[in-house]
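Take a look at the structure below.
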Number of protein chains: 2
Amino acid sequence: MSTKQCEDMLVGKGVRPTAARILVLQKLSERTSPASLFELEAELETLDKSTISRSLALLLEHHAIHSFEDGSGSIKYEICQSRSETCPVGDRHIHFFCEVCRKTSCLNNIKIPVAQLPEGYIMDTINYTVKGVCPLCNKRRSLKP
Amino acid sequence: MSTKQCEDMLVGKGVRPTAARILVLQKLSERTSPASLFELEAELETLDKSTISRSLALLLEHHAIHSFEDGSGSIKYEICQSRSETCPVGDRHIHFFCEVCRKTSCLNNIKIPVAQLPEGYIMDTINYTVKGVCPLCNKRRSLKP
DNA sequence: AGGAAGTTGCAACTCGATTGCAAACTATCA
DNA sequence: TGATAGTTTGCAATCGAGTTGCAACTTCCT
């Protein structure tokens with residue numbers, strides 16, 4: 001997304017579009033896989049870790065981004081694809097965490113299966129993350145055993 | 001489970017049944033909801049945090065227990081229900097994390113929906129955790145708004 | 001019994017993330 | 001324009017979960 005688009009998205013979500021927030025959102029929009037705070041820090045050299053952390057918290061609060069744990073030990077962040085105010089959980093895709101290369105990827109074509117909860121439970125979001133071995137590592141493995 | 005049963009389970013999984021490991025496994029077997037390292041430490045006063053941590057790592061390795069992230073910031077552990085060597089992911093239940101009381105509970109009747117992965121991906125395990133508001137907190141909320 | 005291997009507790013450390021605080025910036029209004 | 005209140009940012013310190021190095025202890029085997 002362009003800087004302008006990011007700015008517009010922030011305003012649309014009710015967030016004051018500061019330089020730092022635009023940079024964080026734009027970086028997330030450019031990526032093809034979810035990013036951790038650490039990765040964002042490395043890719044946004046001009047911003048401090050704490051500034052990125054606070055920006056992410058604000059973007060999360062205003063539903064401009066999602067977060068989830070993939071088992072890597074750090075929380076992953078991803079821009080919210082849906083432009084609607086409430087991003088329906090059933091529209092969201094699942095993630096795959098490779099235990100060999102420790103990379104998380106989006107399985108964009110596979111949507112999160114939404115379970116029917118018992119009476120009384122209110123669903124906010126679902127973390128559906130598959131752990132295993134990705135095709136690349138799988139191939140690498142079978143070549144040199 | 002009795003001490004003897006825990007010991008047998010450890011031996012069956014190929015783990016030397018030391019006092020610490022039996023205590024950790026037994027504590028997990030007694031609980032109705034998953035426990036964090038911190039909780040286990042509090043409930044097992046005679047054992048050191050590091051001993052519990054190492055025991056959990058070993059039990060995980062030998063598939064006597066499962067672990068998953070619920071978004072609380074700490075990893076949760078749960079005894080493996082299935083007595084079979086490989087605990088099939090489709091037999092496992094989903095979890096619910098309440099964002100109000102920050103407690104994780106098992107939804108024993110709801111099994112993890114298993115997605116079909118694209119060619120080349122090897123599935124090891126799935127983390128399916130729903131976040132939201134539990135019935136108790138929901139009720140409490142509606143009483144005093 | 002004696003020695004090797006495995007296990008445990010303590011303290012120190014690692015790592016991801018957050019917080020307190022002061023400086024810098026922004027918006028608003030006189 | 002300049003004063004001022006409110007917001008945002010960067011730095012350093014801190015937090016909290018978890019792991020590791022090491023020495024003491026236990027278990028196992030002959």
Side-chain angles (χ1 to χ4, degrees), chain A residues 6-7 10-11 13-28 34-62 64-78 97 102-104 127 129, chain B residues 6-7 10-11 13-28 34-62 64-78 97 102-104 127 129:
Chain A
C6 290
E7 202 177 324
L10 288 174
V11 174
K13 298 279 185 178
V15 179
R16 194 130 67 109
T18 66
R21 293 169 193 165
I22 293 170
L23 281 171
V24 170
L25 190 65
Q26 190 160 25
K27 183 55 73 179
L28 283 178
S36 65
L37 174 59
F38 182 81
E39 288 168 316
L40 289 172
E41 193 189 353
E43 294 175 21
L44 294 166
E45 294 179 5
T46 58
L47 296 181
D48 187 73
K49 188 174 44 159
S50 63
T51 304
I52 300 173
S53 173
R54 281 187 272 232
S55 298
L56 289 170
L58 200 73
L59 295 181
L60 267 178
E61 208 179 298
H62 287 80
I65 61 175
H66 302 297
S67 74
F68 63 95
E69 290 96 358
D70 56 9
S72 70
S74 54
I75 300 168
K76 291 292 162 65
Y77 301 91
E78 177 175 64
F97 177 72
R102 303 191 66 77
K103 278 185 193 147
T104 296
N127 178 9
T129 308
Chain B
C6 290
E7 203 178 323
L10 288 174
V11 174
K13 299 279 184 178
V15 179
R16 196 139 53 124
T18 66
R21 293 168 194 167
I22 294 171
L23 280 171
V24 170
L25 190 65
Q26 189 160 27
K27 183 55 73 177
L28 283 178
S36 65
L37 175 58
F38 182 82
E39 289 169 316
L40 289 172
E41 194 190 351
E43 294 175 20
L44 294 166
E45 293 179 8
T46 58
L47 296 180
D48 187 73
K49 189 175 45 160
S50 64
T51 304
I52 301 174
S53 173
R54 282 187 271 231
S55 298
L56 289 171
L58 200 73
L59 295 181
L60 268 178
E61 208 179 295
H62 287 79
I65 61 176
H66 302 298
S67 73
F68 63 94
E69 290 95 359
D70 57 8
S72 69
S74 54
I75 299 167
K76 291 292 162 67
Y77 301 91
E78 178 175 64
F97 177 72
R102 304 191 64 76
K103 279 187 192 143
T104 295
N127 178 8
T129 307

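Every chain is numbered from 1, with letters handed out A, B, ... down the list of sequences.
Contact annotation: Arg16(A) side-chain N/O to dT26(C) OP1/OP2 distance is not under 4.0 Å.
Taking atom CG of residue Leu10(B) and atom P of nucleotide dG6(C), one finds them 17 Å apart after rounding to whole Å. One interatomic measurement links the two molecules: CZ of Arg21(A) to P of dG10(D), which rounds to 12 Å at whole-angstrom precision. Atom C1' of nucleotide dT8(C) and atom CD of Glu41(B) are separated by 14 Å, given to the nearest angstrom. In this structure, Leu56(A) places its CG atom 12 Å from P of dT9(D), rounding to the nearest Å. Atom pair Ile52(B):CD1 and dG18(D):C1' shows a separation of 12 Å (rounding to whole Å applied). Taking atom CG of Leu58(B) as the reference point, atom C1' of dG18(D) lies 17 Å away to the nearest angstrom. Between Glu39(B) atom CD and dG16(D) atom P there is a gap of 16 Å when expressed in whole angstrom units. Taking atom CG on Leu47(B) and atom P on dC10(C), their separation rounds to 11 Å, with Å as the unit.
Contact annotation: the side chain of Phe97(A) approaches that of Ser72(A) to within less than 4.5 Å [non-hydrogen atoms, C-beta and beyond].
Across Ile75(A) and Ser67(A), no two heavy atoms sit closer than the pair CG2-CB, 3.8 Å. Annotation for Ile22(B) and Cys6(B): closest pair CG2-CB, 4.1 Å, computed over non-hydrogen atoms. Pro17(B) and Val11(B) make their closest contact through CG-CG2, 3.8 Å (heavy atoms, listed as atom of the first residue, atom of the second, distance).
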Collect all protein-nucleotide pairs involving nucleotides 14-19 of chain C in which both atoms are nitrogen or oxygen and the distance is under 3.5 Å.
| from | atom 1 | to | atom 2 | distance (Å) |
| --- | --- | --- | --- | --- |
| dA17(C) | OP1 | Ile75(A) | N | 2.7 |
| dT18(C) | OP2 | Ser53(A) | OG | 2.5 |

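Among Leu56(B), Thr51(B), Thr18(B), the one residue that satisfies the side chain to side chain contact (heavy atoms under 4.5 Å, CB included) test with Val24(B) is Leu56(B).
Residue-level contact check: Ser72(B) touches neither bases nor backbone, having no heavy atom under 4.0 Å from any strand.
Checked against side chain to side chain donor-acceptor pair (under 3.5 Å), Glu43(A) has the following partners two or more places apart in sequence or in another chain: Arg31(A).
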